[in-house]
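Counting starts at 1 for both ligands and their atoms, following the listed order. What you see below is based on every heavy atom in this structure, not just the backbone, and it leaves out hydrogens, waters and symmetry mates.
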Amino acid sequence: MRIDAISIFPDFFQVLDISLLGKAQEQSLIQFKAHDLRTFTEDKHRTVDDTPFGGGAGMLMKPEPWGLALDSVLTENSVVIFPSPAGVPFKQATARELSSKEHLVFACGRYEGIDQRVLDYAQSRAEVREISLGDYVLNGGEVAAVAMIEAIARLIPGVIGNALSLDEESHSEGLLEYPSYTKPASWRGMDVPDVLLSGNHAEIAKWRKEQAMEKTRRIRPDLID
Ligand code: JBE
């Protein structure tokens, strides 16, 4: 999979060089590149923002640099993602769907957002998704894009060493993860639940399912309803 990110702060994406995603890049399972939007400006001051027509607080990102940046990365098979709190919520199902795409372009806005014509233009050239990481306000799309890229990329075959980990996740689909323990069996006066030491796999599976249900009902009842 090829992934491009367009941003005025391409350094935000350096974290993708670390750990599993860094290894995936070395192995060419992912070809990632961050592009500096300012390199697509044509004025002396490398301006990327301006005041909104109709008034209102803050600055908007102007369309011209975005047009040139998109033109430089778009192909026949691109999906353009605009991370935005006004987008469709990002879910595991979104990550799964996007993990099978050939080329993703993350268009990361700052300030109060991007001139609407940039989204409309992108839509005329590619499949476009406005996606939200969650109902809170970040300073820009970069951190949201990094989170989405991690969630998407780890689903690409070969990126995660242990495919069983992914398998296990899909089994617990829709429920929160049950509590897990490792050695020692007793630590600071707290003991690992007996059932996990019993060797009875049916009982262990039953206990884990109950724990997952109980925890989900307690802190994420919306996942059960
Ligand atoms: O969720 N998001 O994708 C965002 C993008 C930009 C700013 N805030 C967000 N929550």
Can you hop from Phe106 to Phe40 via hydrophobic side chains spaced under 4.5 Å?
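Result: no, two separate clusters.
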Out of all atoms in ligand 1, which are within 4.0 Å of some heavy atom of [X]? Include the element for each.
{"X": "Ala144", "answer": "2 (N), 3 (O)"}
{"X": "Ser132", "answer": "1 (O), 3 (O)"}
{"X": "Ile131", "answer": "3 (O)"}
{"X": "Gly134", "answer": "1 (O), 10 (N)"}
{"X": "Pro83", "answer": "3 (O), 5 (C)"}

With side chain to side chain contact (heavy atoms under 4.5 Å, CB included) as the test, pick out the partner of Val79 among Val128, Val105, Leu98.
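Of Val128, Val105, Leu98, side chain to side chain contact (heavy atoms under 4.5 Å, CB included) with Val79 is met by Leu98 alone.
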Would you check, one step at a time, whether the test side-chain contact (heavy atoms from CB on, under 4.5 Å) holds for Leu29 with Lys23?
CA-CA 9 Å; Leu29 294 167; Lys23 217 161 283 166; over 6 Å; no
Which protein non-hydrogen atom lies closest to [atom], naming both residue and atom, and how far is it?
{"atom": "atom 1 (O) of ligand 1", "value": "Leu133 N, 2.8 Å"}
{"atom": "atom 3 (O) of ligand 1", "value": "Ser84 N, 3.1 Å"}
{"atom": "atom 8 (N) of ligand 1", "value": "Leu138 N, 3.0 Å"}
{"atom": "atom 10 (N) of ligand 1", "value": "Tyr136 O, 2.7 Å"}

For Asp135, is the nearest heavy atom under 4.0 Å from an atom of ligand 1?
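Heavy atoms of Asp135 never come under 4.0 Å of ligand 1.
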Side-chain heavy atoms of Arg110 within contact of Met59, under 4.5 Å:
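When only atoms from C-beta onward are counted, Met59 and Arg110 do not touch, as no gap falls below 4.5 Å.
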Whether Arg208 and Glu210 form a salt bridge (side-chain N of Lys/Arg under 4.0 Å from carboxylate O of Asp/Glu) is what I want to check.
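Answer for the salt bridge query: no.
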Electrostatic pair Arg220-Asp222, nearest N-O below 4.0 angstrom:
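A salt bridge is present here (some side-chain N lies under 4.0 Å from a carboxylate O).
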Salt bridge (Lys or Arg N to Asp or Glu O under 4.0 Å) for Arg218 and Glu214? Distances and angles first, verdict last.
CA-CA 6 Å; Arg218 179 159 44 86; Glu214 188 281 319; 2.9 Å; yes
If you measure from atom 6 (C) of ligand 1 to every heavy atom of Gly87, Gly140, Gly113, Cys108, which option wins on shortest distance?
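Looking at heavy atoms only, Gly140 sits closest to atom 6 (C) of ligand 1.
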One residue to check: Asn139. Relative to ligand 1, which of side chain, backbone, both or neither has a non-hydrogen atom less than 4.0 Å away?
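Neither part.
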